[in-house]
Asks: 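Have a look at this one.
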There are 2 protein chains.
Amino acid sequence: MVKAPNAPRRRESSRLAVLTATRELCEENGYGRLTIEAIAARAGVSKMTIYRWWPSKGAVVLDLIDEAAAVTADPPDTGDLAADLHTQLSEVINLLTPQPTSPVTGVITEAQYDPDLARALRERLIEPRIAKFKDRLRRAQEQGQLPVDADFDVALDLLFGPIYHRLALHLGMPDPDYLDTLITHVLRALNPPPHRLDGAATA
Amino acid sequence: MVKAPNAPRRRESSRLAVLTATRELCEENGYGRLTIEAIAARAGVSKMTIYRWWPSKGAVVLDLIDEAAAVTADPPDTGDLAADLHTQLSEVINLLTPQPTSPVTGVITEAQYDPDLARALRERLIEPRIAKFKDRLRRAQEQGQLPVDADFDVALDLLFGPIYHRLALHLGMPDPDYLDTLITHVLRALNPPPHRLDGAATA
DNA sequence: CTCGAATCGATACGGTACGTATCGTCCATC
DNA sequence: GATGGACGATACGTACCGTATCGATTCGAG
């Protein structure tokens, strides 16, 4: 998927066997214990076959995510912004947990010290989803659920930030009720009251 | 610092040499290339000496942070909540960047697949700082800069979340102006307008 | 339908870093 | 001044890495 040694002669069965073995081993032993040699053994495939088509372990898992996460590609749009945000955030939490065996968390971690993987992660997974998320906000805006000058970058940071904050520092993921509380706060932040100064309640 | 083989007979000079070498190598080559063997060589210390006193590479770096980050222990309190939050968030960003050579980012990454390290990180670094952060919010509350029913957990998530969100997904750290925008939004979220429903601007 | 090219599985290789074990030395305490 | 433990040095076996080589197979072009 990343580099092309030659060909459409690539054997699809091997590719699938690799991705399947990767998924299974990740579930069984966690991303941390995942090795290319173990993937090759489980897939009944030569190590060379993996190295020929993927530049790193992370790239394999990224492909795995790509195929599996097509289902979660588009953010929901029922017309109820708050409810749709709740749905989408829950899905992201599901993708990132359980932390030790989540391929997505694994790739995010691995990308910390692999610039190539970081770029691929951002370009292939993150940025397209950010774009679609902002599209969803834009539609909400058109329906009057968000003010015309709402800052979508801030919305992105405030809504998804807590999840990654808790992921990074092992603080436990938000439960559905707390997710509601978060969304309520963020929507409040994006809807400035008509005649009031920022920041201070009484000062 | 984590387990005690026996003694106050521990040689302080070796301990310092290890921490110094760790800091230097982390700066030079990045946390990703840091190895215990390299630390031992640079510190002029036997590998055994490191393994005797630290359970893992991450534990060494965690000790390094512990000593160095005492300066950033207490959140600032000038009486201006928004300004103090800006200061504190900037300091956190400085601790986490540059990403490849930051010991803190390194430990956070390593802790993803090392439960013991994750626990030590949380108990020794994160939770004490969270407690002090909430103390600061409590003082702001007493001074009327936050409503009496402000949700401190939400404040924590919304203020620090964006930093870790951007760290994890390589989206670039907030600049000072954007930090202002974020803080303004969060303070607005925490200060509900007196007579208005949540969520919808016009709906 | 044949032929050739390129992928494939298998295997071996050198390299790095891990974590452990051993041993003589040095130092601190008693 | 003796004793015990930390220390430096060194060697060891293991695990994976990433690369190289080599028939066999299989697919596609002609």
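Computed from a predicted model, the values in this text were never measured in an experiment. Chain letters run A, B, ... following the sequence lines, proteins first, then strands; residues in each count from 1. No hydrogens, no waters, no symmetry mates; every other heavy atom, side chains included, goes into these values.
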Asks: Could you check how far CZ of B:R10 sits from C1' of D:dG8, rounded to whole Å?
Replies: 16 Å
Asks: Using the salt bridge (Lys or Arg N to Asp or Glu O under 4.0 Å) rule, pick out the option among B:R138, B:K132, B:R139 that qualifies with B:D77.
Replies: B:R139
Asks: Does the distance from a Lys or Arg side-chain N to an Asp or Glu carboxylate O, for B:E67 and B:R23, drop under 4.0 Å?
Replies: no
Asks: Regarding B:D157 and A:Y178, is there a side-chain donor-to-acceptor distance under 3.5 Å anywhere?
Replies: yes
Asks: B:R11 CZ to D:dG4 C1': how many Å, rounded?
Replies: 14 Å
Asks: Within less than 4.0 Å of OP1 or OP2 of D:dA6, is there a side-chain N or O belonging to B:W53?
Replies: no
Asks: Can you confirm whether the side chains of A:Y31 and A:E110 place a donor and an acceptor under 3.5 Å from each other?
Replies: yes
Asks: To the nearest Å, give me how far apart CD1 (B:I50) and P (C:dT20) are.
Replies: 13 Å
Asks: Just the rounded figure in Å: distance from C1' of D:dT25 to CZ of A:R9.
Replies: 10 Å
Asks: Given the ring of B:W53, does B:R15 sit roughly above its face, with NZ or CZ under 6.0 Å from the centre of the six-membered ring and within 45° of the axis?
Replies: no
Asks: Round to the nearest Å and state the distance from B:E12 atom CD to C:dA28 atom C1'.
Replies: 16 Å
Asks: Output the rounded distance in Å from CH2 (A:W54) to P (C:dT7).
Replies: 14 Å
Asks: Determine: side-chain N/O of B:R52 to OP1/OP2 of D:dC7, distance under 4.0 Å, yes or no.
Replies: yes
Asks: Which atom pairs link the protein and nucleotides 16-23 of chain D when you take only N or O atoms and keep those under 3.5 Å?
Replies:
residue	atom	partner	partner atom	Å
D:dC17	OP1	A:I36	N	3.3
D:dC17	OP2	A:I36	N	3.2
D:dC17	OP2	A:E37	N	3.2
D:dG18	OP2	A:Y51	OH	2.8
D:dG18	N7	A:K47	NZ	3.0
D:dG18	O6	A:K47	NZ	2.7

Asks: Evaluate the ring planes of A:F160 and B:H165, with Trp represented by its six-membered ring, and classify them as parallel (under 30°), tilted (30 to 60°) or perpendicular (over 60°).
Replies: parallel
